[in-house]
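Since this is a predicted model, take the numbers as computed values, not measurements. These numbers come from the heavy atoms of this one structure, side chains and all, not from hydrogens, waters or symmetry mates.
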Amino acid sequence: MNRYGIHGERGRRGTTALLALTLAGGLLLTGCGGGDDASHGAKDTATDSRGGSAPVPAPDRPRGEGERGEGSEGAKNGDSRDIAPDPDHLSTFALDVDTASYGYARRTLSEGRLPDPSTVRPEEFVNSFRQDYERPDGDGFSVTVDGARTDDEDWSLVRVGLATRSAERQGERPPAALTFVIDVSGSMAEPGRLDLAQEALGTMTDRLRDDDSVAIVTFSDEAETVLPMTRLGDDRDRVHDAIDELEPMESTNLGAGVETGYETAVEGRREGATNRVVLVSDALANTGDTDADSILERVATERREHGITLFGVGVGSDYGDALMERLADEGDGHTTYVSNPRDAREVFCEQLPRHIELTARDAKAQVAFDPETVAEFRLVGYDNRRVADEDFRDDRVDGGEVGPGHTVTALYAVRTRSGADGHLATATVRWLDPDSRDPHEESGDVETDALDDSVWDADRGLRVTATAAYFADALRTPDGGYDHGDGDDHGASLPGAPGLSELSERADGLADRTEDEDLRDLAEAIEEANRLA
């Protein structure tokens, strides 16, 4: 087996899906901000059977999606064509906007330790940085696909970028009913835990609207509702007082905290509002119900029965990363990690408000690689977000929940066939309307000529994505790569991977040119990893 995987990804996917993608191009994308340029936009493709064989018809799709027409750019130049790739040329995954893995890795490195490879999730490194994809006008997504060559012969990195509309229309969002479940165990006394949460929560309370509501539950040996659901317009000072009075106590009864938190959220549930539990903890359960499965079942039950989702905020140098991630997955939510005041303000004052409103439910992406131009490929990360290819249009299968102001980036290592020319891949995102549950799709294409430039000469956004992915790869595979034993070398090192020393120099140059604080943090983390390696 080639260390990058043979003919794509089999994993848990079935082998019955044969898709012909005749989806519209000319697509748009934008990231959360920043100045990254998506230099290779999505292209229209035209209908063209190959070798005299008739194209396989596309599966049924919702009305209102664009269709390729004879007037498209692809039809004019004849470079693109419909494809019916076999399952080995399909890749399907649920969208993920978590970033906790990257934040925790930075914290660990700052303390002079390399992170445990099991806590390194490459997609969360990649999605920790703003991308300048063009955004759609309304709800849903825009799709951008681009790429560039690596230093390994015939290997390229292909980036799929998805973006939702801007988050600036805050006045249009529904009110929020937020139940904060805050860990006040003894370990939270460590600087950079409860103190950070209190400061950021106080600032967030001032920024939330009068028609938003907040409840606060604390847990140590036991759990307690210290503030029932309170409308901010009625008593904002009472919320501030409850936050200021938080103080660390004894053990961590995470099970009791989750149970009481959801009970409080259900009691204060508001129709027409976004009802969400926000768990702030180091996720180190050590008393009471410490069984992960029973805690996870409570979260899943409340999500199914009451539609209350979970936003997990991790803190602390010792952190239960795996449990927090599983809690968020079961609760149809997201996780992030904070280690300093800037992180905390970003999470509570910017990220959390973006999670209040949903623009897409059960969002999934599927990328179809053209077998005539692509020999093999591998999705970087998303190991626990893979979806069976035949389930892409099965709307009963869970996907990701995404709000306004978000971008989602997926990176692929792709080996092209010698002399490949023309259509390379089509990326499609499918989601359900948050209110009506009607399905929608959007797609974008990329041609082989998008791979003409080197990764290090590509637009800034792609260089940042590559740098973050190579960094995660180095932390995840310090021994040069490993096989998970499932037929896919998800852990194998990326093609064209530079050494940490070279990667540190490239990240440092990016940070200097952009004067971006986030990129400076990345450069410093890579430098520290290089020192420790």
Side-chain angles (χ1 to χ4, degrees), residues 31-39 98-117 119-133 148 150-151 157 159 161 192 196 314 317 336-347 350-351 380-381 407 409 411 453-478 493-533:
C32 296
D36 298 3
D37 223 3
S39 62
D98 292 349
T99 59
S101 176
Y102 173 67
Y104 185 46
R106 280 179 47 216
R107 170 68 178 260
T108 304
L109 288 164
S110 71
E111 295 175 344
R113 298 178 290 124
L114 288 170
D116 185 324
T119 68
V120 177
R121 293 180 290 278
E123 71 277 14
E124 297 187 21
F125 279 56
V126 165
N127 282 292
S128 292
F129 298 92
R130 295 183 297 272
Q131 296 289 342
D132 194 20
Y133 305 131
T150 73
D151 293 336
L157 297 182
R159 180 178 62 160
L196 280 184
S317 54
T336 189
Y337 180 89
V338 299
S339 61
N340 57 52
R342 181 159 63 89
D343 286 347
R345 286 191 295 272
E346 165 72 19
V347 166
E350 296 183 38
Q351 286 188 26
V380 180
T407 60
T409 299
L411 193 68
D453 292 334
S454 163
V455 163
W456 305 117
D457 295 326
D459 72 81
R460 175 182 170 237
L462 185 52
R463 277 180 287 146
V464 171
T465 297
T467 301
Y470 280 133
F471 182 36
D473 194 59
L475 295 176
R476 199 182 193 196
T477 59
S493 57
L494 283 174
L500 276 172
S501 179
E502 178 186 343
L503 191 63
S504 177
E505 292 178 4
R506 291 191 180 280
D508 195 56
L510 268 173
D512 285 344
R513 286 191 294 275
T514 61
E515 298 183 350
D516 185 309
E517 288 186 1
D518 292 334
L519 293 183
R520 175 52 58 197
D521 289 341
L522 174 63
E524 291 175 354
I526 297 174
E527 182 180 5
E528 183 62 19
N530 184 45
R531 187 185 68 79
L532 294 170

Participant: Can you tell whether the side chains of Arg506 and Glu502 come within less than 4.0 Å, N to carboxylate O?
Facilitator: yes
Participant: Are the side chains of Thr467 and Leu503 in contact, using a 4.5 Å heavy-atom criterion?
Facilitator: yes
Participant: Do Pro115 and Leu109 have side chains that get closer than 4.5 Å, going by heavy atoms?
Facilitator: yes
Participant: Please tell me if the side chains of Asp512 and Arg520 come closer than 4.5 Å, counting only heavy atoms from C-beta onward.
Facilitator: yes
Participant: Ignoring hydrogens and angles, tell me if any N or O in the side chain of Thr409 forms a donor-acceptor pair with the backbone of Gly161 under 3.5 Å.
Facilitator: no
Participant: Evaluate side chain to side chain contact (heavy atoms under 4.5 Å, CB included) for Leu494 paired with Tyr470, printing each intermediate quantity in order.
Facilitator: CA-CA 7 Å; Leu494 283 174; Tyr470 280 133; 3.6 Å; yes
Participant: Looking at side-chain heavy atoms only, is the closest gap between Arg107 and Ser317 below 4.5 Å?
Facilitator: yes
Participant: Among Glu350, Arg345, Gln351, whose side chain to side chain contact (heavy atoms under 4.5 Å, CB included) with Val347 holds?
Facilitator: Gln351
Participant: Got Asn127 and Asp98 here, is their nearest side-chain heavy-atom distance under 4.5 Å?
Facilitator: no
Participant: Suppose we screen for side-chain contact (heavy atoms from CB on, under 4.5 Å). Which residues come up paired with Glu505, at least two apart in sequence or across chains?
Facilitator: Ser501
Participant: With ring centroids as reference points, do Tyr102 and Phe471 lie under 6.0 angstrom apart?
Facilitator: no
Participant: Taking only residues two or more places apart in sequence, or in another chain, which ones meet Glu524 in a salt bridge (Lys or Arg N to Asp or Glu O under 4.0 Å)?
Facilitator: none
